[in-house]
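Structure first, commentary second.
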Amino acid sequence: ALADLDAILAVAPNHVEAWCYRGIALHQAGRVAGALEAYDRAVALRPDYAEAWANKASLLQEQDRAEESLAAFERSLAANPERAITLSNRGNAFVVLGRLEEGMADFDRAIALQPTLEQAHYNRAIALQHDLPEAHYLLALCLRDERRLADAVASLEYAVEHLHVPLVVVMGHEMCGAVKATLDTP
């Protein structure tokens with residue numbers, strides 16, 4: 001996918017969506033600096049590109065850069081204030097920064113906009129009771145279903161490291177993506 005995006009950008013260097021998708025591909029490949037550069041290029045070309053701002057914000061959040069993440073979520077929501085997943089993710093940024101009331105407001109707004117957004121429900125539950133291992137497990141399942149494997153693993157790692165969960169069991173059949181992901185994780 002990255003080679004195809006680079007081919008598109010070679011002939012159309014101002015293709016905003018290609019820059020955003022390049023950022024996604026680099027992010028998934030673990031190339032953080034390149035992903036941030038691609039998102040920056042996308043928003044430089046289209047400052048109101050909500051998806052690129054949200055992707056950049058999520059990547060910054062993963063890098064424990066909460067203040068920068070919050071600023072990027074703000075830009076995304078300025079462009080698209082009704083995007084429930086972005087509200088939920090900004091809620092997490094608020095919680096990390098110790099601004100629980102603002103985080104709860106974002107979770108509630110996300111749920112009001114999209115009542116079936118499981119991640120917002122779990123984020124809200126974890127913000128209220130962050131010491132509940134089951135909440136981290138359920139959040140990991142939601143993140144896995146959204147193909148956000150790094151975030152899913154981070155939720156489980158938090159439970160193991162901070163809540164002293166002694167064992168995580170991954171079960172599946174021989175073609176199971178969860179088993180493969182577990183075996184591929186160092």
Side-chain angles (χ1 to χ4, degrees), residues 16-17 19-40 42-43 46-132 134-159 162:
V16 177
E17 289 82 5
W19 281 110
C20 185
Y21 289 120
R22 186 174 199 280
I24 293 168
L26 290 168
H27 182 181
Q28 290 173 342
R31 295 170 53 190
V32 173
L36 288 172
E37 289 174 16
Y39 294 138
D40 284 341
V43 298
R46 189 187 314 156
D48 65 344
Y49 192 13
E51 183 179 349
W53 281 114
N55 290 339
K56 179 180 178 177
S58 293
L59 179 55
L60 290 167
Q61 194 169 43
E62 288 175 18
Q63 299 300 307
D64 295 324
R65 295 164 62 179
E67 291 285 349
E68 293 172 87
S69 173
L70 183 59
F73 281 130
E74 298 286 349
R75 294 292 301 265
S76 178
L77 289 166
N80 184 358
E82 304 295 308
R83 192 165 189 235
I85 189 67
T86 304
L87 282 163
S88 179
N89 289 334
R90 183 179 70 174
N92 284 335
F94 279 132
V95 170
V96 166
L97 292 169
R99 296 163 61 180
L100 182 62
E101 190 172 309
E102 292 165 286
M104 295 305 288
D106 273 357
F107 299 142
D108 291 342
R109 175 90 172 110
I111 291 166
L113 287 169
Q114 190 177 342
T116 59
L117 183 61
E118 293 174 353
Q119 183 179 335
H121 290 280
Y122 293 123
N123 288 344
R124 187 179 195 287
I126 288 172
L128 289 173
Q129 186 150 0
H130 65 278
D131 60 346
L132 184 64
E134 292 84 355
H136 289 276
Y137 169 74
L138 294 172
L139 176 59
L141 291 179
C142 290
L143 293 167
R144 179 206 60 195
D145 291 347
E146 293 177 9
R147 299 192 180 281
R148 295 175 56 193
L149 296 181
D151 292 337
V153 169
S155 185
L156 293 174
E157 286 175 344
Y158 179 88
H162 299 284

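Because the structure is a prediction, the values reported are computed rather than measured. Only this structure's heavy atoms are used, side chains among them; waters, hydrogens and symmetry mates stay out.
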Closest non-hydrogen atom pair, Arg83 against Ala54:
NH1-CB, 3.1 Å
Check: Gln119 and Tyr122 side chains under 4.5 Å, non-hydrogen atoms:
no
Can you list the residues that meet the salt bridge (Lys or Arg N to Asp or Glu O under 4.0 Å) rule with Glu17, with sequence neighbours excluded?
Arg46
Side chain His121, main chain Pro115, donor-acceptor under 3.5 Å
yes
Find out whether Leu87 and Leu113 are in side-chain contact, i.e. whether some heavy atom of one side chain is under 4.5 Å from a heavy atom of the other.
yes
At what distance, to the nearest 0.5 angstrom, does CG of Asn123 lie from CG of Asn92?
4.0 Å
Just jot down the side chain to side chain donor-acceptor pair (under 3.5 Å) partners of Arg75, sequence neighbours excluded, or say none.
none
Please determine whether the number of non-hydrogen atoms from other residues, nucleotides or ligands lying under 6.0 Å from atom CZ of Phe94 exceeds 12.
yes
Which residues pass the side chain to side chain contact (heavy atoms under 4.5 Å, CB included) test with Ala35, not counting sequence neighbours?
Leu26, His27, Tyr39, Leu59
Would you please name every residue forming a side chain to side chain contact (heavy atoms under 4.5 Å, CB included) with Ala42, sequence neighbours left out?
Val16, Trp19, Cys20, Tyr49, Ala52
Any salt bridge (Lys or Arg N to Asp or Glu O under 4.0 Å) pairs touching residues 26-40, not counting sequence neighbours?
Asp40-Lys56
Please list, chain by chain and in numerical order, all residues satisfying side chain to side chain donor-acceptor pair (under 3.5 Å) with Ser69, sequence neighbours excluded.
none
Nearest heavy-atom neighbours spanning Gly103 and Val95
CA-CG2, 4.3 Å
Residue pairs passing the side-chain hydrogen bond (donor to acceptor under 3.5 Å, both in side chains) test where at least one lies in residues 102-114, sequence neighbours excluded:
Glu82-Arg109, Arg90-Asp106, Arg99-Glu102, Asp108-Arg124
For Ser76, all residues meeting side chain to side chain donor-acceptor pair (under 3.5 Å), sequence neighbours excluded
none
Please list, chain by chain and in numerical order, all residues satisfying side chain to side chain contact (heavy atoms under 4.5 Å, CB included) with Ser58, sequence neighbours excluded.
Phe73, Asn89
To the nearest 0.5 Å, how far apart are CG in Leu70 and CG in Leu60?
11.0 Å
Gap between atom CG of Asn80 and atom CD1 of Ile85 - 0.5 Å precision:
12.5 Å
Kindly write out the residues that satisfy salt bridge (Lys or Arg N to Asp or Glu O under 4.0 Å) with Glu68, not counting sequence neighbours, or none if the list is empty.
Arg65
